[in-house]
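For reference, the structure is listed below as structure tokens.
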Amino acid sequence: MSKRRSLPDPGRRKFLQGATLAGAAALTPAAADAQVNAPVKAPRAAMKAAAPGPIQVAVETLPPERDPVTQTSSGGDFMVDVFKTLDIDYLAMNCASSFRGLHEAVINHGGNAKPEILTCPHEEIAVAMGHGYAKIEGKPLAMICHGVVGLQHATMAMYNAWCDRVPVYVIGGTIIEADKRGTTPEWVHSAIDIGAITRDFTKWDDQPTSLQHFAESAVRAYKIATTPPMGPVLLSLDAELQENPIKESEKLHIPKLSKVIPPQADSGAIAEAAKLLVNAEAPLIVVDRLARTPAGMTRLVELAETLQCAVMDRFGRTNFPSRHPLNQTFRRNAVVGQADVILAIEMNDHWAAINAFSDRIVRSSRPLHKPTAKIVSLGLRDMYLKANFQDFGRFSDIDLSIAGDGEASLPPLTEAVKKLIDSGRKSAYEARGKRYAAARLAMLEQAKSDATIGWDASPITTARMCAEVYAQIKDEDWSLVGNTINNTWPLRLWNIDKAHRWNGGAGGAGVGYNAPASLGAALANKRHGRLTVTFNGDGDLMFVPSTLWTAAHHRIPLLYIVQNNRAYHQEYMYLQAMANRLGRGIEKTDIGTTIKDPNVDYATVARGFGVYGEGPITDPNELAPAIKRALAVVRRGEPALIDVVTDPR
Ligand SMILES: Cc1ncc(C[n+]2csc(CCOP(=O)(O)OP(=O)(O)O)c2C)c(N)n1
Ligand SMILES: [Mg+2]
């Protein structure tokens, strides 16, 4: 068999040469067009050469038939060695050439372990998986994307993680040197500074230009991302650095990762806060992102029980047990209104917690707290802000602002409080605690009674949907993950007694979070043998349905309950309020707010992605058996989805 390639016609080669040397520079595009369109007078060989066709490349530059082995190591290998020292378990990605060097090294040099690749159909899914994962596992996973284009898809999920102060380790492939970029795709996918795309909502970013620079920046990025207040970081990785051989490997050094010990508040300020709390008639503790580890909840319980005071959770984290007698979260107006001292810990939006706001007629607000109430804040919010995105909320009156990590500062605060309590106070505190316990019990009974309204209705009420799920998981090590924004039943009725029982919302309220973030959380729960469930808005799932494929592909056990109200219901209600304000009626408010005509069959969508699917379920009596069947699938290690129609209209 001949090994010769089919070579261009020699006449054409000559013609091309001539055209390159003499013609190309001289011909304007218009002149070139004129030449091509000119009447045919040229000799046959020249005509043949001018005909359009694939033979444009001189023989010397044709690619070899087989990839030659030219190197034994790549910069990517070293990068993988660095990542292994950072204890990064997963690398979520949608594949792309700008990081093929690192991709190849992860699977062949690193053995696809630490990190192991998670194949994601969209970069938003990859980042959101990291968001949900970190909120269960307490550490970031990495995601890598195609510098310019992939990073733009990743941005919404990065913004959610930023607003939620959750670490995600984002990497973007790029080609730094212009003379190394080839054809159009490599140019349109390049920027001189990809970090500029996300700099307003990352904690730090860098673009290393040598392997040693990479090692230092990779460790620094991890350290910065995981130091409270945490947040996403970005490393821009040059393709050449990943692909080319390692030079002078003996000179490379991987720096040690030393984690920053979060700062405790100043002891004088702690003493002052303790005095205020101990002397108060009705102290209130408000918490948002306090519990960065499971210890946060234990510490808060100790302080609250010492004071026998009310606690109100704003749900940035799972801070306080839902069934604790002092949990007064759903009595906000009462407890904020009564409080004479309010200790607000690790708040994102302090103002929103203690003021009432309405936009039903015109935007208006009023304080819920007494004008005389002393307000103390403790946390790191004031230590770290950025200007452009306005995630910090309205500026608020505060009497004593204490800088310090909430979780780290609780033990000395509790000690200081204990020292000030005498026996007379103790009995007054106990009486106070009993009043809160009674109010909480009444609240629980009320919630149970509210949940029975419309119990047998079809479409199914969200209360019934939640109760049916809880009945079948409550005796196991369950974990409810993801957003429950407009569905507070689990928070009101379920026994959320551990940090992993619920991992909270998106932070930035960017829809498209829930489906992938729940999957990331389920991935973290998998290794702990927990049973994971999520309630997923139909609108949210419509943003990122292909998340289901990743769930099936990686066999991540998770029960998706689609809360299918066939609408972007929150926005539907806003639109109705707007139409009512103008007295124009709500007849047309389906337009642009509903997900009907056609109805989406989510069970079929799930099956199409290889996930067990049931539904749509409209009869509430069919729900329990469907949940049972789906949970059997989840218990054997796979994802399942049930479409529950909760259309309230
Ligand atoms: C990225 C993004 N786009 C649009 C919105 C506006 N928005 C807020 S809630 C919502 C509806 C989400 O629908 P679904 O998940 O079905 O929840 P539902 O309101 O129906 O309970 C929308 C579109 C948003 N917050 N984020
Ligand atoms: Mg909906």
Side-chain angles (χ1 to χ4, degrees), residues 122-124 126-128 130-131 134-135 140 143 145-172 174 189-207 217 220-236 288-289 292 314 316-317 344 346-353 355 357 359 363 365 377 379-398 401 403 405 483 485 504-513 516-517 543 570-571 574:
H122 194 295
E123 290 82 0
E124 185 171 9
V127 175
H131 188 164
K135 283 179 88 171
M143 77 78 68
C145 60
H146 205 22
V148 167
V149 281
L151 189 59
Q152 291 188 76
H153 271 185
T155 50
M156 179 59 251
M158 289 174 73
Y159 182 66
N160 272 335
W162 162 259
C163 292
D164 205 17
R165 298 299 183 269
V166 167
V168 184
Y169 197 103
V170 179
I171 308 163
T174 191
H189 294 171
S190 290
I192 52 169
D193 175 17
I194 64 167
I197 301 171
T198 54
R199 193 157 292 135
D200 276 328
F201 44 91
T202 48
K203 220 178 146 189
W204 188 75
D205 68 271
D206 193 21
Q207 181 163 277
S217 291
R220 194 196 299 271
Y222 192 96
K223 184 171 179 169
I224 289 173
T226 54
T227 298
M230 302 184 198
V233 290
L234 171 75
L235 272 190
S236 167
D288 192 2
R289 293 187 194 130
R292 24 173 200 87
R314 298 294 286 171
R317 301 287 181 270
E346 294 292 1
M347 300 304 290
N348 177 40
D349 190 345
H350 182 101
W351 182 89
N355 286 274
F357 172 77
D359 56 3
R363 289 162 200 269
S365 65
S377 77
L380 293 172
R381 195 68 170 104
D382 295 337
M383 307 295 286
Y384 182 64
L385 285 182
K386 286 202 187 187
N388 192 21
F389 290 97
Q390 301 288 299
D391 59 312
F392 33 75
R394 256 182 98 171
F395 197 75
S396 217
D397 288 340
I398 291 177
S401 281
D405 176 64
N483 232 334
I485 327 172
V511 176
Y513 163 87
F543 273 71
Q570 178 180 301
E571 301 303 327
Y574 279 134

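Given the structure is predicted, the values throughout are model-derived calculations rather than measurements. The residues of the chain are indexed from 1 along the displayed sequence.
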Do the non-hydrogen side-chain atoms of [X] and [Y] ever get within less than 4.5 Å of each other?
X      : Y      : answer
Arg394 : Ser365 : yes
Asn483 : Val511 : no
Val127 : Glu123 : no
His146 : His189 : yes
Ser217 : Trp204 : yes

Next on the checklist: Does anything in residues 220-233 form a side chain to side chain donor-acceptor pair (under 3.5 Å)? List the pairs, not counting sequence neighbours.
Outcome noted: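 Found Lys223-Ser258.
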Checklist entry - Could you go step by step and tell me if His122 and His153 meet the side chain to side chain contact (heavy atoms under 4.5 Å, CB included) rule? => result CA-CA 7 Å; His122 194 295; His153 271 185; 3.4 Å; yes
Checklist entry - Got a salt bridge between Lys386 and Asp200, using NZ or NE/NH1/NH2 to carboxylate O under 4.0 Å? => result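 Asp200 and Lys386: not salt-bridged.
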Checklist entry - What residues form a salt bridge (Lys or Arg N to Asp or Glu O under 4.0 Å) with Arg292, not counting sequence neighbours? => result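 For Arg292 the salt bridge (Lys or Arg N to Asp or Glu O under 4.0 Å) partners, ignoring immediate neighbours, are Asp405.
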Looking at every heavy atom in both [X] and [Y], which two are closest together, and how far apart are they?
X      : Y      : result
Ala506 : Tyr513 : CB-CG, 3.4 Å
Ala225 : Met230 : O-CB, 3.1 Å
Arg314 : Ala352 : NH2-O, 3.5 Å
Pro229 : Arg165 : CB-CD, 4.2 Å
Asn348 : Asp288 : N-OD2, 3.0 Å
Ser236 : Thr174 : OG-CG2, 3.3 Å

Got a second to check how far [X]'s [atom1] is from [Y]'s [atom2], nearest 0.5 Å?
X      : Y      : atom1 : atom2 : answer
Met158 : Ile197 : CE    : CD1   : 9.5 Å
Phe201 : Met156 : CZ    : CE    : 8.0 Å
Asp164 : Lys135 : CG    : NZ    : 3.5 Å
Arg289 : Arg317 : CZ    : CZ    : 6.0 Å
Ser396 : His350 : OG    : NE2   : 4.0 Å
Cys163 : His131 : SG    : NE2   : 9.0 Å

Checklist entry - Between the side chain of Asn160 and the main-chain N/O of Gly508, is any donor-acceptor distance below 3.5 Å? => result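 Looks like yes, one N/O pair under 3.5 Å.
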Checklist entry - Any donor-acceptor pair under 3.5 Å linking the side chain of Lys203 with the backbone of Pro167? => result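 No, Lys203 side chain to Pro167 backbone: no donor-acceptor pair under 3.5 Å.
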Mark yes when over 12 heavy atoms from residues, nucleotides or ligands other than [X] sit less than 6.0 Å from its [atom1]; otherwise mark no.
X      : atom1 : result
Phe392 : CZ    : yes
Asp397 : CG    : no
Ile192 : CD1   : no

Item to check | Geometric class of the Tyr159/Phe389 ring pair [parallel <30°, tilted 30-60°, perpendicular >60°] | outcome: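 Geometry flag for Tyr159 against Phe389: tilted rings.
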Checklist entry - So Thr202 and Trp162, side chain to side chain contact (heavy atoms under 4.5 Å, CB included) or not? Walk me through it. => result CA-CA 6 Å; Thr202 48; Trp162 162 259; 5.9 Å; no
